[in-house]
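In what follows, a structure is listed as structure tokens, so that the remarks can point back to it.
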2 protein chains.
Amino acid sequence: MSNKHALKQYDIKKYRTPDGYTSDICVFTIIAEKNEAYKPPTMDLKIMLIKRAALDSEGNMNIEANKWAIPGGFVQDDETGFQAAKRELEEETNISGIHIKQFGVYDKPGRDPRGWIISNAHYAIVPDTYLSLRKAQDDAADIELFSIKDVMDLELAFDHKQIIADAIQVITNDLLQTTVAKNFLPDNFTYSELQAVLKTVTNDPAILSDQSFSRKIKSLPFIQEVQGKTTTRTSKRATKLYTFIEMDVIKPIYTARY
Amino acid sequence: MSNKHALKQYDIKKYRTPDGYTSDICVFTIIAEKNEAYKPPTMDLKIMLIKRAALDSEGNMNIEANKWAIPGGFVQDDETGFQAAKRELEEETNISGIHIKQFGVYDKPGRDPRGWIISNAHYAIVPDTYLSLRKAQDDAADIELFSIKDVMDLELAFDHKQIIADAIQVITNDLLQTTVAKNFLPDNFTYSELQAVLKTVTNDPAILSDQSFSRKIKSLPFIQEVQGKTTTRTSKRATKLYTFIEMDVIKPIYTARY
DNA sequence: TTTATAATTAACAAAATGTTTATTGTTAAT
DNA sequence: ATTAACAATAAACATTTTGTTAATTATAAA
């Protein structure tokens, strides 16, 4: 078998090559909904979509026109899909340091009517302020934030419905099982701000309960209390601030409580 | 920006296309090392590698010759990378129903000297019996199982060292945070068999302790005791058997104990 | 001055875990 | 036939953690 394998690998021209390689990005942001003074925030997880134009630059009917789609573009031959995602997103938002993670490949034959096009899919976490700003600047008819509760009801281009469904699943897992939530928060945050982020993706009673969560946060090894600094963002009373510690955390499902 | 985006997507011929799209597979198996009668097994997580031939089918020097590599091959234009992985693996092992999961894309320019080749990487879980058999059948000089503790010391082809390192990280996470361990086990297994699988990737004391683990397994919602059936595989005394229940499990790191 | 309210602490019962010590059932050795 | 060995459990109990409810604190706003 390994000879067969070697043969296959060698004879490169035998194989048809893809017609394109794109990098696509599910851009998530969390907006604070009822952000009243001295109140803990209520948050909602949103995804940014762009509306495909009716006509292309040459005045012809555009493919998948008027449908909502995730942003993306072709990967250049001097960059990785990850770098392409980063480049495109930084062009889009004018900010750097965005958290991006690759989560899937979409390559089903026929997924794009223009040819055999491989999509390398990423998700990105963008602080709310940037996207709200961006939307205000542009005329913005073609860019919109959708709640993850609503987005599956839209008519979406290509196989983007599947990509988005997968992205929501992955970011939900990551928010709960990694420290990626830090990318939705300021460096120093209150327990209720972290709690609000987690509440966008879980109903776990231990996270929903203020008393339990504010007690628990003190014993988490990947979170540290910031000494001598408080805020009144969420309460009239000065509130303790916390910060994430860089650390890999893996907790087996076999040792958890049910 | 969305116009720029639409333009980019339309003008497909402007972009260089990849020279190839491959599907590569890190094949993991767990072999029971000291499998004495009436003893709980001691297991070791292994990865299957193939040795690249010195010469190709035309008698020329092969690229990356004599180095160890993960199996893989080109994706055909009528299949997905996932299907290609499945096809290649089934050709290889002659078994079906293998658990396969996509975990990464490797597309760094220059990663393959033959051109711009995108690798879609998967990991597969194969029961030990099959691979041992296979190895015995072939002359098998070119196929070998390496312990994940040793594999990083080998000279590996292309960027396979990175791919393997990532695969080990991913399967470690998955073994602990999902029910994927079931693919290493018979349908009905004892607590010590499951424990042996988990011990290949963790030192968590709650998993290492026989008493704790055998007590805990009864309360896990995704594992069920098999009524009226026992085995003496691991002990002289008849031992209870368990089975996995199909179920998604997510346990937040924010509610775990530390 | 009072009210309202977010954050936090206190208190305590209930549940889970760590740990040590028995018990059980069976094979293999004497 | 008896006994030693041993994996799998169960039992017991101290310790830790959690769920829950109630109090306390601090401060803006009425």
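Computed from heavy atoms alone, side chains included, the values below leave out hydrogens, waters and symmetry copies. By convention in this document, chain letters (A, B, ...) are assigned in the order of the sequence lines, proteins followed by strands, and residues within each chain are numbered from 1.
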Is the shortest distance from a Lys or Arg side-chain nitrogen in [X] or [Y] to a carboxylate oxygen in the other one below 4.0 Å?
X: A:K161; Y: A:D159; result: no
X: B:E246; Y: B:K182; result: yes
X: B:K149; Y: B:D44; result: yes

Please tell me if [X] has a side-chain N or O lying less than 4.0 Å from either OP1 or OP2 of [N].
X: B:T234; N: D:dA7; result: no
X: B:S214; N: D:dA10; result: no
X: B:K39; N: D:dA7; result: yes
X: A:K236; N: D:dA29; result: no
X: B:Y191; N: D:dA8; result: yes
X: B:S212; N: C:dG18; result: yes
X: B:K216; N: C:dG18; result: no

request  = Return the 5'-most residue of the pair B:K218, B:A256 with respect to DNA chain D, ranking by each residue's nearest nucleotide.
outcome  =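 The 5'-side residue here is B:K218.
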
task = For A:T239, report the nucleic acid contact type (base, sugar-phosphate, nothing); a contact means any heavy atom under 4.0 Å.
result =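 Touches sugar-phosphate only.
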
ask   = Base, sugar-phosphate, or nothing: which does B:S192 touch, judged by heavy atoms less than 4.0 Å apart?
value = sugar-phosphate

request  = Indicate yes or no for a side-chain donor-acceptor contact from B:S212 to the backbone of B:D210 under 3.5 Å, with no hydrogens or angles considered.
outcome  =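 No: the side chain of B:S212 does not pair with the backbone of B:D210.
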
Complementary nucleotide of C:dT30, counting Watson-Crick and G-U pairs under 3.5 Å = D:dA1

request  = Identify the nucleotide, in any strand shown, that forms a Watson-Crick or G-U wobble pair with C:dG25, with both distances under 3.5 Å; if there is none, say none.
outcome  =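 Because both required distances fall under 3.5 Å, C:dG25 counts as paired with D:dC6.
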
request  = Please state whether the rings of B:Y191 and B:F213 are parallel, tilted or perpendicular, taking 30° and 60° as the class boundaries.
outcome  = tilted

message = As a test of reading the structure: which of D:dT18, D:dT9, C:dT9 is closest to the side chain of A:Q211, going by heavy atoms?
response = C:dT9

request  = Confirm from the modelled atom types if A:R237 and D:dT27 form a donor-acceptor pair under 3.5 Å, side chain to base only.
outcome  =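 Check fails, no donor-acceptor contact within cut-off.
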
ask   = Is there a donor N/O on one and an acceptor N/O on the other, under 3.5 Å, for the side chain of B:R215 and the base of C:dG18?
value =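 It does, because a donor-acceptor pair links the side chain of B:R215 to the base of C:dG18 below 3.5 Å.
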
